[in-house]
There are 2 protein chains.
Amino acid sequence: MNSNNVTIYDVAREAGVSMATVSRVVNGNPNVKPTTRKKVQDAIDRLGYRPNAVARGLASKKTTTVGVIVPDISNIFFADLARGIEDVATMYKYNIILGNSDSNRDKEIHLLNTLLGKQVDGIIFMGGRLHEDLVNEFKKSPVPIVLAATLNQGYDLPAVNIDYEQAAYDATEMLIGHGHKQVGFITGPLEQQINGEKKFSGYRRALEDAGLPFRENDVILGNYTYASGLEAMQKMLERDDCPKAIFAGTDEMALGVIHAIQDAGYSVPNDFEVVGHDNTRLATMIRPKLTTVVQPMYDIGAVAMRLLTKILNAEEIEEKNVVLPHRIERRDSLRND
Amino acid sequence: MNSNNVTIYDVAREAGVSMATVSRVVNGNPNVKPTTRKKVQDAIDRLGYRPNAVARGLASKKTTTVGVIVPDISNIFFADLARGIEDVATMYKYNIILGNSDSNRDKEIHLLNTLLGKQVDGIIFMGGRLHEDLVNEFKKSPVPIVLAATLNQGYDLPAVNIDYEQAAYDATEMLIGHGHKQVGFITGPLEQQINGEKKFSGYRRALEDAGLPFRENDVILGNYTYASGLEAMQKMLERDDCPKAIFAGTDEMALGVIHAIQDAGYSVPNDFEVVGHDNTRLATMIRPKLTTVVQPMYDIGAVAMRLLTKILNAEEIEEKNVVLPHRIERRDSLRND
DNA sequence: TTTCCAATTGGAAACGTTTTATATAGCGTG
DNA sequence: CACGCTATATAAAACGTTTCCAATTGGAAA
């Protein structure tokens, strides 16, 4: 009945061989005579035997399970990443245990320890910033850890990212190229490495290279959400010297920005031009469609997982720090040249 | 160093007690003298002992892990559900193994078997339709399975849903109440139980109750995506007798519908009125903001997981088939009464 | 003291595999 | 026909816990 509780012993008895032989058949070990293999396979089918992965994990010290830590799976952004991870994991016969950290340091550490307790074979981590405590735990980890869309900060961990600094530079430069002498930058908290050190500095470098002044209040910080983008832009619009070109740190914020502009009676791209970041599905779900920096989240996840499998299989690794290419997808929130 | 490979034996030796006692301390068993407990706890801290969950799972036949099968985690809809599940799981000390099925029957069955092989304590399943093969596997499952946002179809499985039929009725009725003699219905494939049997029949019943005729070509089927909603509405707009009120099966399709209308030079809600379904975050990320049926995905996930914990703890269960309340969130895609 | 019971602790089996070392069978060869 | 191989198969020892049952301890009651 319950295909359960039938063990390798039962199969061995049924097939008239020893459990070791059954184990070999199950694991595809070639040292089994074809006729024996068939006998065992038949017994397995007859009994509906399903190997117990927990026992297997204990004996072999491999669980074919990897841990995935993301800030919040309900965010389209991380969900995309997770899908990339899962697809490649499936391809390599791994399963994933998923945990949400809310970018909270204690939760991150707790989650990490839980996953290690569950004996995962490896971990993919994504978070806004690497706290020192966390990195110390990482260093003690008996299994490999790969960062996805998370900056390395000098700790020598395998990681998969795009060049955020250059991407922000490119976006800002594109806006400047459209004749703007002033570019607004609306993004998430600067404590987050990617914003604070990369996007922000790319933005400044572009201004500098164009000989434009950096103005403190052209930068507004939110929390990545639509609402915070909307609000930031509303605040921006109250000023007399409001920039007419906006680079938003995420697509979701960019949607908020565009709606704030439209709600105020202005037009995008005629009165204001906007560039977003990430190229989530949201980018085409707005009018005008959003011009945005393409950060291939699915690919980052997929590549990170592939990198992890390479480490697990002790394959040759050409580069532990992978930087995926980015580009800007031009859509209607920018005027034609 | 590596807090790993230190076992319960090491702790026992360090503390000068037996492994059984260490086990008791680790598991919070009250039958341990406080002084002994302290001694053991100190040894644990000193050695950095972390219990091996795999060995624990083998010995106790409980893994404190549940499997979650969703069609596609990168869909905002399922991601929300997953977050609800994970939050409650964490609350009850469970972890989740997440798998994507793409609503594919073979993948669903394969995933189910993998999860059972990993000895999960329970499973939460979400899918468009329950194939008979799948249900047969469910019946053989040694662990409980709970359906989330997935219709039971007469198989007596625990499930958490809203009343889709009534929700569709309410939405259609609301549109009719605004004076429309014709209501378009743009949704996903009818093979999917929720669409084909519930939403569709609620739509028809509302027409009927209002004495309006059902017209075959007022219904267009897509695949839930923004693009398919856009396309469906474009097709609808080509007709001379195009309905001026649209009920869309998902928010994402509703956004497509609204944009198709706007792209054609019409106004929402002045020329057309639109109601969506799900109340995902998308609903407020469009102008006009979308009036939509609230399907609380996070709650469905949370309640489903809670239900599963009740089953696992053999708690009293008042109702295996939970129907959560729904309502319609009025926003600007509908004219004021 | 002695006795007895409850509280605490220890020992060992069990969980279902993998894996290593060992045994056996079959077979060509000299 | 014995010998030594190779190809297969077996037996038994891990893996790191939980858990059942037995043993010990401590203290109160007699």
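This structure is a prediction, so every number in the text was calculated from the model and none was measured. Chain naming here is simple, since letters A, B, ... match the order of the sequence lines and numbering starts at 1 in each.
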What N/O pairs connect the protein and nucleotides 6-12 of chain D at under 3.5 Å? Give each pair on its own line.
unit_1	atom_1	unit_2	atom_2	d
D/dA9	OP1	A/Thr36	OG1	2.3
D/dA9	OP2	A/Lys33	N	3.3
D/dT10	OP2	A/Ser18	N	2.8
D/dT10	OP2	A/Ser18	OG	3.3
D/dT10	OP2	A/Thr21	OG1	3.1
D/dT10	O4	A/Arg24	NH2	2.6

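By the 4.5 Å heavy-atom criterion applied to side chains, A/Tyr94 and A/Thr309 are counted as neighbours. The shortest side-chain heavy-atom distance between A/Ile124 and A/Ile69 does not fall under the 4.5 Å cut-off. In this structure the side chain of B/Val17 never reaches within 4.5 angstrom of the side chain of B/Val11, judged on heavy atoms.
Regarding A/Leu58, its CG atom lies at a distance of 9 Å from the C1' atom of D/dA14, rounded to whole Å. Whole-Å rounding puts the B/Asn27 CG to D/dT19 P distance at 7 Å. Going from atom NZ of B/Lys62 over to atom P of D/dT18 covers 13 Å, rounded to whole Å.
Stem analysis of DNA chain D (Watson-Crick or G-U pairs, both distances under 3.5 Å, runs of at least three) returns C:1-30 with D:1-30.
Of all nucleotides in DNA chain C, those with any atom nearer than 4.0 Å to a heavy atom of chain B start and finish, going 5' to 3', at C/dT8 to C/dG16.
Side-chain contact check for B/Asn75 and B/Tyr224: no donor-acceptor pair (N or O, by modelled atom type) lies under 3.5 Å. A/Asn113 and B/Arg50 share a side-chain donor-acceptor pair at under 3.5 Å. Side chain to side chain, A/Lys118 and B/Thr64 meet the donor-acceptor criterion of an N or O pair below 3.5 Å.
Judged by distance alone, the side chain of B/Thr36 and the main-chain N or O of B/Val32 form no donor-acceptor pair under 3.5 Å.
Shortest non-hydrogen contact noted between A/Gly128 and A/Ser103 is N-OG, 4.3 Å. The heavy-atom pair separating B/Leu134 from B/Leu112 by the smallest distance is CD2-CD2, 4.1 Å.
Comment: A/Asp121 does not engage A/Lys62 in a salt bridge, judged by the lack of any side-chain N to carboxylate O separation of less than 4.0 angstrom.
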